[in-house]
Participant: 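Let me give you the structure first, and then I'll get to my questions.
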Amino acid sequence: MNPNTLVGDSMTLAAIDTPSVEYASLSPMLIVFGAGVVGVLVEAFAPGRLRYPMQLSLSLGGLVVAFAALITLAVAQTHDGANGEFAMSGAVVVDRPALYLQGLLLIIAIVAVGFMAERRLERVVAPVTMRRLAGVGGAESAAGAGTAGVGPNGGGVDADMFTPSGASVPNTDAEFEATRAGAVTTEVFPLALLAVGGMMLFPACGDLLTMFIALEVFSLPLYLLCGLARRRRLISQEASLKYFLLGAFSSAFFLFGSAFVYGATGSLNLSTIGASISAAAGSGGDTTLALIGLALLAVGLLFKVGAVPFHSWIPDVYQGAPTPVTAFMAAATKVAAFGALLRVFYVGFPALREQWEPALWAVAIASMVIASVMAVTQTDVKRMLAYSSIAHAGFILLGLIAFDDAGLGATLFYLAAYAFTTLGAFATVAVIREPDTDTRTSARNAVIHGATPTPTPRNPHLSGREATDLTQWSGLGRRYPLVGAMFAVYLLSFAGIPLTSGFIAKFDVFAAAAGSGGGVLVVIGVISSAIAAYVYIRIIVAMFFDDVPATGAPHVVKPSVLTTSGIALCTLVTVALGVFPQPLLDLADSASVFLR
């Protein structure tokens with residue numbers, strides 16, 4: 001071998017600069033990912049009886065520590081008017097919008113994990129050993145022998161809202177035996193943490209390749225979580241499969257768009273892409289390839305935010321997924337996806353605004369109008385909230401279309417207001433349950449034998465399912481005034497009624513859109529809000545003005561302190577941001593500058 005070749009190779013290798021890793025700037029994300037990895041190890045090696053308390057403590061502790069690290073980082077990075085820094089050779093951008101969105105995601109995640117840990121809303125058939133520990137006598141066990149272990153007092157124990165055996169076929173003996181064995185699906189906690197880590201990275205990505213990786217990191221755990229509902233297993237698995245298939249298509253669009261953009265600009269870095277396209281547009285160069293790439297990127301991102309016409313997965317997935325997962329997705333995924341969407345358009349493609357703005361007008365109008373009209377036709381509360389989510393995606397797009405600091409600040413505020421409201425709304429839906437007895441068979445037998453109907457417990461679950469049909473909510477506010485009042489607050493906020501966070505959020509984005517020449521969008525948005533208000537008012541009327549059904553009226557199950565405190569926090573934030581919005585408005589405005 002030629003010695004000169006070796007010398008040349010060594011000189012070439014010596015010229016390569018090793019990338020620096022800014023661990024301090026990445027610490028909030030690293031803490032969340034680290035807690036998720038440790039959670040996987042706990043799931044693999046910890047004894048079954050210790051997994052639930054260990055996973056819950058690890059998840060909440062990791063999120064709280066990550067939030068504390070984020071506060072410290074934000075103070076350091078924004079001191080004296082600074083706007084953060086580039087990390088990982090520009091792959092990650094730690095700037096004001098990223099820090100704002102990451103903090104919001106961590107707060108949402110803390111509330112959502114507490115909701116996932118809820119174990120008082122479900123009661124299932126208990127294994128014999130657990131029943132003995134609970135003090136259930138032998139006579140009751142004998143009495144329940146003919147009803148799969150269900151005695152006069154139910155013979156059940158509290159359980160979470162996730163299936164005990166995700167790999168088993170729904171409604172089979174394998175699933176029933178897993179329930180009787182007291183199995184607990186604690187892997188939902190590390191899956192949630194990994195999803196949160198990906199969501200935190202998504203709006204902070206400085207290049208498209210890292211953004212695609214973050215997209216997959218938070219999407220894959222969500223695909224699994226959607227199929228783990230304890231109730232309505234078939235619709236839950238259908239939701240998971242639909243989300244996976246359509247999500248895979250959207251990811252392919254995003255990746256294909258990244259390839260087109262690389263072909264047009266020679267880079268995947270958003271700052272470089274923005275400079276290259278601006279130079280080409282300023283000199284009269286051809287930007288067709290970049291515009292095609294942007295269109296494909298927008299498909300992938302608009303799918304995640306749930307905007308029309310990429311919204312078809314949302315109603316089915318929101319309805320079929322476990323309600324804690326639905327609440328988490330509805331709040332956190334929209335925050336992360338809009339953060340990435342804002343960064344792509346503001347940093348990478350500002351020079352093509354004249355080309356992409358008409359398309360976003362069409363998407364925003366379709367999202368507001370179609371979703372509001374479709375919500376009127378729904379009878380399931382979770383599907384109503386799903387279409388409400390689609391409509392709100394259209395409202396939030398008005399802030400992006402404004403394309404200035406006011407529009408960006410309005411969008412950031414709207415994301416915070418919407419996240420807490422929708423999280424509290426879905427958590428409230430979960431505590432409203434159908435009656436936990438079934439009188440249909442006993443009533444029929446009573447007619448035949450001339451006896452008094454007696455309720456019979458349902459098997460294998462002892463508690464009623466979530467009462468999501470609107471007809472079941474008649475008189476709910478009369479029977480449970482506090483629950484009805486809190487849910488009414490959320491609905492009024494969705495409708496944009498004054499003294500709620502929704503009013504301030506809509507007013508802010510409408511003002512930003514009108515100020516940038518989008519008066520037509522504002523008029524359509526107001527009309528869509530009026531249509532959607534009918535949906536929300538209809539639920540309030542059913543709760544407070546309809547008569548309570550004589551039989552089959554749903555009841556409210558008192559949740560644990562984790563869910564109770566989460567609902568209380570969401571209600572407080574919804575009202576506080578409607579009455580005293582200025583501190584968060586100022587914070588959102590100060591965070592409305594991207595680092596380029």
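None of these values were measured; they are calculated from a predicted model.
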Participant: Test your reading of the model: is there a side-chain donor-acceptor pair from N83 to the backbone of V593, 3.5 Å cut-off?
Facilitator: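 Yes, because the side chain of N83 sits within donor-acceptor range (under 3.5 Å) of the backbone of V593.
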Participant: Is a side-chain donor-acceptor pair under 3.5 Å present for T571 with Y490?
Facilitator: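 Side-chain D/A pair, Y490 to T571: present.
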Participant: Kindly indicate whether the side chain of V217, heavy atoms from C-beta on, has any atom under 4.5 Å from the side chain of F33.
Facilitator: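 When only atoms from C-beta onward are counted, F33 and V217 do touch, with a gap below 4.5 Å.
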Participant: Taking salt bridge (Lys or Arg N to Asp or Glu O under 4.0 Å) as the cut-off, I'd like each qualifying pair that reaches into residues 583-596, sequence neighbours left out, listed once.
Facilitator: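 Passing the test, one end in residues 583-596: no pairs.
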Participant: List the atom pairs, donor and acceptor, that lie under 3.5 Å between side-chain atoms in residues 58-76 and the rest of the protein, sequence neighbours left out.
Facilitator:
residue: S59; atom: OG; partner: Q55; partner atom: O; Å: 2.8
residue: T72; atom: OG1; partner: A68; partner atom: O; Å: 3.1

Participant: Going by the rule ring pair (Phe, Tyr, Trp, His ring centres under 6.0 Å), which residues pair with F310 if we only count those two or more places apart in sequence or in a different chain?
Facilitator: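 Counting only residues at least two positions away or on another chain, F310 forms no ring pair (Phe, Tyr, Trp, His ring centres under 6.0 Å).
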Participant: Taking distance alone, no hydrogens or angles, what donor-acceptor pairs closer than 3.5 Å link side-chain atoms of residues 190-201 to residues at least two apart or in another chain?
Facilitator:
none

Participant: With a 4.5 Å heavy-atom cut-off, do V305 and L301 have their side chains touching?
Facilitator: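 No - every pair of side-chain heavy atoms lies 4.5 Å or more apart.
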Participant: Distance check, rounded to the nearest 0.5 Å: L400 atom CG versus E357 atom CD?
Facilitator: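 Going from CG on L400 over to CD on E357, the span is 9.5 Å.
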Participant: What distance separates F338 CZ from L101 CG, expressed to the nearest 0.5 Å?
Facilitator: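 Rounded to the nearest 0.5 Å, the CZ-CG separation comes out at 11.5 Å.
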Participant: Any donor-acceptor pair under 3.5 Å linking the side chain of S236 with the backbone of R232?
Facilitator: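 Answer holds: no.
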Participant: So which atom in Y318 and which in T326 form the shortest heavy-atom distance, rounded to 0.1 Å?
Facilitator: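 Closest heavy-atom pair between Y318 and T326: O-OG1, 3.0 Å.
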Participant: For a quick test of reading the model, state the closest non-hydrogen atom pair linking M384 to Q378 and the distance between them.
Facilitator: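 Of all heavy-atom pairs spanning M384 and Q378, the closest is CE-O, 2.7 Å.
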Participant: Hydrogens and angles aside, do S592 and D405 bring a side-chain donor and acceptor to less than 3.5 Å of each other?
Facilitator: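 No pair is found: no donor N or O on one side chain lies under 3.5 Å from an acceptor on the other.
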Participant: Could you work out, with side chain to side chain donor-acceptor pair (under 3.5 Å) as the rule, every residue matching S560, not counting sequence neighbours?
Facilitator: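 By the side chain to side chain donor-acceptor pair (under 3.5 Å) rule, S560 matches E118.
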Participant: Got a sec, which residues hit side chain to side chain donor-acceptor pair (under 3.5 Å) with S25, two or more places apart in sequence or on another chain?
Facilitator: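 Applying side chain to side chain donor-acceptor pair (under 3.5 Å) to S25 gives Q77, E85.
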Participant: Who pairs with T163 by side chain to side chain donor-acceptor pair (under 3.5 Å), at least two apart in sequence or on another chain?
Facilitator: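 Scan of T163 (side chain to side chain donor-acceptor pair (under 3.5 Å), adjacent residues dropped) gives R233.
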Participant: Please report the closest heavy-atom contact between F254 and G300, naming both atoms and the distance.
Facilitator: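 What the structure gives for the nearest pair is CB-CA, 4.4 Å.
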Participant: Is there a side-chain contact (heavy atoms from CB on, under 4.5 Å) between V299 and F249 once you walk through the steps?
Facilitator: CA-CA 10 Å; V299 170; F249 276 112; over 6 Å; no
Participant: With sequence neighbours excluded, what pairs up with F420 under the ring pair (Phe, Tyr, Trp, His ring centres under 6.0 Å) test?
Facilitator: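 Ring pair (Phe, Tyr, Trp, His ring centres under 6.0 Å) list for F420, sorted by chain: empty.
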Participant: Could you please spell out the steps behind the side-chain contact (heavy atoms from CB on, under 4.5 Å) verdict for V509 and I396?
Facilitator: CA-CA 7 Å; V509 294; I396 299 173; over 6 Å; no
Participant: Could you tell me whether the side chain of T421 and the main chain of A417 form a donor-acceptor pair under 3.5 Å?
Facilitator: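 Checking the backbone N and O of A417 against the side chain of T421, a donor-acceptor pair under 3.5 Å is found.
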Participant: Taking all atoms of both residues into account, what is the closest heavy-atom pair of S367 and A371, and its distance?
Facilitator: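 Minimum heavy-atom separation between S367 and A371: O-CB, 3.0 Å.
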Participant: Can you check whether V317 reaches M329 side chain to side chain, under 4.5 Å on heavy atoms?
Facilitator: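 The answer is yes, as the side chains (C-beta and beyond) meet within the 4.5 Å cut-off.
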Participant: Could you tell me whether the side chain of S27 and the main chain of A24 form a donor-acceptor pair under 3.5 Å?
Facilitator: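 A pair under 3.5 Å: yes.
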Participant: About how many Å separate CZ of F253 and OG of S258, when rounded to the nearest 0.5 Å?
Facilitator: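 It is 13.0 Å, given to the nearest 0.5 Å.
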Participant: Is there a side-chain contact (heavy atoms from CB on, under 4.5 Å) between L208 and I273 once you walk through the steps?
Facilitator: CA-CA 10 Å; L208 296 177; I273 291 170; 3.9 Å; yes
Participant: Minimum heavy-atom separation for A430 to L121, with atom names?
Facilitator: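 In this case the closest contact between A430 and L121 is O-CD1, 3.7 Å.
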Participant: Who passes ring pair (Phe, Tyr, Trp, His ring centres under 6.0 Å) against F260, sequence neighbours left out?
Facilitator: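 Applying ring pair (Phe, Tyr, Trp, His ring centres under 6.0 Å) to F260 gives F256.
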Participant: Sorted by first residue and then second, give each side-chain hydrogen bond (donor to acceptor under 3.5 Å, both in side chains) pair with at least one member in residues 330-344; sequence neighbours left out.
Facilitator: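 Qualifying pairs: D95-R343, K334-S389.
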Participant: For F86, which residues count as a ring pair (Phe, Tyr, Trp, His ring centres under 6.0 Å) partner, sequence neighbours excluded?
Facilitator: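 If we apply the ring pair (Phe, Tyr, Trp, His ring centres under 6.0 Å) test to F86, skipping adjacent residues, there are no hits.
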Participant: Got V347 and S271 here, is their nearest side-chain heavy-atom distance under 4.5 Å?
Facilitator: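 Contact flag for V347/S271 side chains = yes.
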Participant: Distance check, rounded to the nearest 0.5 Å: S388 atom OG versus F395 atom CZ?
Facilitator: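 Separation between the atoms: 8.5 Å.
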Participant: Would you call F303 and W313 a side-chain contact if the rule is heavy atoms closer than 4.5 Å?
Facilitator: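 They are in side-chain contact.
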Participant: Is T422 reaching over with its side chain to a backbone N or O of A419, donor-acceptor style, under 3.5 angstrom?
Facilitator: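 Not a single qualifying donor-acceptor pair exists.
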Participant: How many angstroms lie between atom CG of D160 and atom CZ of R120, to the nearest 0.5 angstrom?
Facilitator: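 So the gap between those two atoms works out to 14.5 Å.
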Participant: Regarding K304 and S219, do their side chains bring together a donor and an acceptor under 3.5 Å, going by distance alone?
Facilitator: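 Side-chain D/A pair, K304 to S219: present.
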Participant: For residues D508 and Y414, determine if any side-chain heavy atom of one lies less than 4.5 Å from a side-chain heavy atom of the other.
Facilitator: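 No; the side chains remain at least 4.5 Å from each other.
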Participant: Are the side chains of T287 and Q355 in touch, meaning some heavy atoms are under 4.5 Å apart?
Facilitator: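 No, their side chains stay 4.5 Å or more apart.
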Participant: For residues 215-234, which residue pairs qualify under ring-ring contact (aromatic ring centres under 6.0 Å, His included), counting only residues two or more places apart or in two chains?
Facilitator: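 Non-adjacent pairs meeting ring-ring contact (aromatic ring centres under 6.0 Å, His included): F202-F218, Y223-Y243, Y223-F244.
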Participant: ring-ring contact (aromatic ring centres under 6.0 Å, His included) between W356 and F349: does it pass, once the steps are laid out?
Facilitator: CA-CA 9 Å; W356 57 251; F349 299 90; 9.0 Å; no
Participant: Of the non-hydrogen atoms in V363 and V308, which two are nearest, and what is the gap between them?
Facilitator: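 Distance-wise, the nearest heavy atoms are CG1-O, 3.3 Å.
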Participant: Roughly how far apart are S493 OG and K506 NZ, rounded to 0.5 Å?
Facilitator: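 It comes to 8.5 Å.
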Participant: Do the side chains of L294 and V344 get nearer than 4.5 Å, heavy atoms only?
Facilitator: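 Result yes, sub-4.5 Å side-chain heavy-atom pair found.
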Participant: Between E22 and S20, is a side-chain hydrogen bond (donor to acceptor under 3.5 Å, both in side chains) present by the stated rule, with each step listed?
Facilitator: CA-CA 6 Å; E22 293 79 2; S20 59; 3.0 Å; yes
